[in-house]
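Order of the sequence lines fixes the chain letters, A, B, ..., with proteins taken first and strands second; residue numbering starts at 1 for each chain. Values below: every heavy atom of this structure, side chains too, minus hydrogens, waters and symmetry copies.
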Protein chains: 2
Amino acid sequence: MEKIGIKEIALRANVSTATVSYVLNGTRNVRPKTKERVLKVIEELNYRPNDIAKSLKSKRTNTIGVIAEDVTVFNVPEIIDGINEYAEKNDMHILLTNLRLQKRVGYDYANTDHYQKHAQDAVSNLLSKQVEGIIYIGIHPRDLTGLINTYNKPIVYTYCYAQNECSIQYNDEQASYDAIEYLVSKGHSRIAIISGLMDSIPSRLRFNGYYKALTEFQLPFDPQFIKVGDWGLNSGYHLAAELLKLQEPPTAILIMNDLMAAGALRAASEQGMVVPTDLSIVGFDNREFSAYLSPGITTMDLPLHDMGILAMKALYNRISGTNEKTEETPLCKLIERESVAGPRAALK
Amino acid sequence: MEKIGIKEIALRANVSTATVSYVLNGTRNVRPKTKERVLKVIEELNYRPNDIAKSLKSKRTNTIGVIAEDVTVFNVPEIIDGINEYAEKNDMHILLTNLRLQKRVGYDYANTDHYQKHAQDAVSNLLSKQVEGIIYIGIHPRDLTGLINTYNKPIVYTYCYAQNECSIQYNDEQASYDAIEYLVSKGHSRIAIISGLMDSIPSRLRFNGYYKALTEFQLPFDPQFIKVGDWGLNSGYHLAAELLKLQEPPTAILIMNDLMAAGALRAASEQGMVVPTDLSIVGFDNREFSAYLSPGITTMDLPLHDMGILAMKALYNRISGTNEKTEETPLCKLIERESVAGPRAALK
DNA sequence: CTGTTAGCGCGTTCAT
DNA sequence: ATGAACGCGCTAACAG
């Protein structure tokens, strides 16, 4: 099987390669009859132009690099899907690099030394392949300033950020504010919170939203109602148990991820409390499993898909030189399931 | 900022472009002093060769295309991760195409007419980009013969297959055989099965394994113990309820996915039966949520990561012309959690 | 307006 | 160690 190129087509159609190119790209008028003849040959030989050669001349690859810290972490696939949706519409292709961070360094991603070289190599490879920009997808929101250098190629971070660089993140503060507002609307006033680790940005932001809502709705602020977990199921379990043992326990708990919320569910059940009758719970993340627990966890859904779309859009604008930098920060959405009801007191 | 190329380097180092190339690739001996000088300039200007130009000449892109039917479906990310692991070791890059099938056609993927053109376009684009091969990742195991034409570029299917093409799949029959063997080892003999849709390959294969195990272990074969679900939680719920209402209900149920198993769990609980004391359940898929239910579902873990590795390996061998076609079909692994115990009768 | 010739992009590699 | 052809498609310049 001979490899066919533009000149093979030209030969068989009795025209020059230039004409073939013009037909292919509609760059110039070609007499209909000639055009038809050329197209017929192209069709017959099933010719497809070589994008590599094209790119070399045009200096455009229509390709961006996506660096995912770990595609197996729950937030990543949906973000990639969003990137795809926007990329496809603009005929952009995606060169995917998977850092496999989870498998490489476990949860020790705070210390970037362990993978900085690895990340930079990924960038370098992508640049060699002439990507027109890069999207970096984190597995935990944090500051990645200085991790990588893209030598002036545009980059957009999402689910993480870097100073002086574009990043797409959702609105954490608003999310927990909304969650509290929802609980208040159900009649709760004694609302506790189980936070993630306090060195985490989302934890701080979500706490801000909690605190702001407490203030605005003039709810009692009880330091005993604030627990700091480590994101793991067990910590949710233990901290919820502590809250329930309080003299005057909360009637609702906002928990900063579904994993800890699942732990809380277990704790409640072991203490003979029924969720939501005796205790209401709102989680975070809308992890798949939160729908299958009994009761299903009412939770804040992260706008991952939108983040992907917005990240790609922002990058595309930068690539195209469009100066409209309309970076939005999308909102979380409350998914109502079965873990919230009015407080017991209200039922009496 | 000037764009630097090999000739810029040559100029500054007072050598020819050929020499620079030889230094860069170690393709030929270069006098150490010259070499050093060249390397210094490269370092200073932070030069990186243009892979596009390289590819044009060498006709190798070190890039494969991965077509995922839908990256947001549970089995896909882990397969991609496996592909990455092997690809990275062999310096191969991945151009990812996401068909977004789930969002496009829902569960109507049996009728390929709806997306055949879309899939073929994806292949064509990838071929234009000169990928050296393609891996196609399905979202449901099925025959995709004739869906796409890769014009003799090597392709490997995984989590689906096509006639006369290489495909990597796990061993379904063995998996359900193993599950039954495990239940038997726990003392069960009245073992029911809730199957997925019967037009599905895995359903048939898993049923084969079930039947084979029944025969080998000389267990009673009761047609009433065979239920056919539709993979959804509700069907698991209803079918399990039916099984439990039997005169002589089974002491264990093998269920062909965790979703239906979750439904079964709910049915059991509503009938006041305790899992695993009164009823043992083994699921399939090892979906994330199966670990968080109470009790945690004992389930067959799919070797997704290995499938990714093997798919990439098989493709790599084809690309390299290595003739060792050692396609293995990896095995599922039983994940023991809390939904299995000895049968009630055995406890009496 | 339609078609052709020839040089270019950026590294690689053969012949000198 | 070097000059120059080459890979494949694009496009400026030119011709009819």
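- Atoms CG (A:L56) and P (D:dG7) sit 14 Å apart, rounded to a whole Å.
- Among A:L39, A:V15, A:V20, A:T17, the one residue that satisfies the side-chain contact (heavy atoms from CB on, under 4.5 Å) test with A:I9 is A:V20.
- The residue A:T34 sits close only to the backbone: its heavy atoms come under 4.0 Å of sugar-phosphate atoms, none of a base.
- Read 5' to 3', the first and last nucleotides of DNA chain C with an atom closer than 4.0 Å to a heavy atom of chain B are C:dC10 to C:dA15.
- If one axis is set at each end of the helix from C:dC1-D:dG16 to C:dT16-D:dA1 from five pairs, those axes are 50° apart, to 10°.
- Side chain of B:E69 to backbone of B:L101: no donor-acceptor contact under 3.5 angstrom is found.
- Summarising the geometry, the separation between NZ on B:K7 and P on D:dG3 is reported as 14 Å, rounded to the nearest angstrom.
- Distances from the side chain of A:K54 to the nucleotides D:dT2, D:dG9, D:dA4 place D:dG9 closest.
- Distance NZ (B:K33) to P (D:dA1): 11 Å, rounded to an integer number of Å.
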Do any side-chain atoms of residues 21-28 of chain A form donor-acceptor pairs under 3.5 angstrom with protein atoms, and if so which ones, sequence neighbours left out?
unit_1	atom_1	unit_2	atom_2	d
A:S21	OG	A:N25	ND2	3.4
A:N25	ND2	A:S21	O	3.0

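- Regarding B:K57, its NZ atom lies at a distance of 16 Å from the P atom of D:dA4, rounded to whole Å.
- Rounding to whole angstrom units, CG of residue A:D51 and P of D:dG9 are separated by 10 Å.
- Between A:Y109 and A:H140, the ring planes are parallel. Angles under 30° get that label, and only those over 60° would be called perpendicular.
- Remark: P of D:dC6 and CD1 of B:I6 are 19 Å apart, rounded to the nearest angstrom.
- Side-chain contact check for A:V123 versus A:I67: some heavy-atom pair is nearer than 4.5 Å.
- Residues B:G133 and B:L315 approach most closely at C-CD2, 3.9 Å, considering heavy atoms.
- Using a 4.0 Å cut-off, no side-chain N or O of B:T17 falls inside it from OP1 or OP2 of D:dT2.
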Just distance, no hydrogens or angles: give the donor-acceptor pairs under 3.5 Å from side chains in residues 49-66 of chain B, sequence neighbours left out.
unit_1	atom_1	unit_2	atom_2	d
B:N50	OD1	B:I52	N	2.7
B:N50	OD1	B:A53	N	3.2
B:S55	OG	B:D51	O	2.8
B:S55	OG	B:R60	O	3.1
B:S58	OG	B:K54	O	2.9
B:S58	OG	B:R60	N	3.2
B:S58	OG	B:R60	O	3.4
B:R60	NE	B:E132	OE1	3.3
B:R60	NE	B:E132	OE2	3.4
B:R60	NH2	B:E132	OE1	2.6
B:T61	OG1	B:T63	N	3.4
B:T61	OG1	B:Q130	O	2.8
B:T63	OG1	A:K129	NZ	3.4
B:T63	OG1	B:T61	O	2.8

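- Ring pair B:F74/B:Y159 is perpendicular by interplanar angle, where above 60° counts as perpendicular and below 30° as parallel.
- A donor-acceptor pair is defined here as one N or O able to donate and one able to accept, closer than 3.5 Å; no such pair exists between the side chain of A:N90 and the backbone of A:M92.
- Taking atom CG of residue A:N50 and atom C1' of nucleotide D:dC10, one finds them 13 Å apart after rounding to whole Å.
- Of the possible polar contacts, one joining the A:S320 side chain to the A:Y316 backbone as a donor-acceptor pair under 3.5 Å is found.
- Within a heavy-atom distance below 4.0 Å of DNA chain C, the residues of residues 19-29 of chain A found are A:T19, A:Y22, A:R28, A:N29.
- Scanning for side-chain hydrogen bond (donor to acceptor under 3.5 Å, both in side chains) contacts around A:E85 gives A:H305, B:R100, with sequence neighbours left out.
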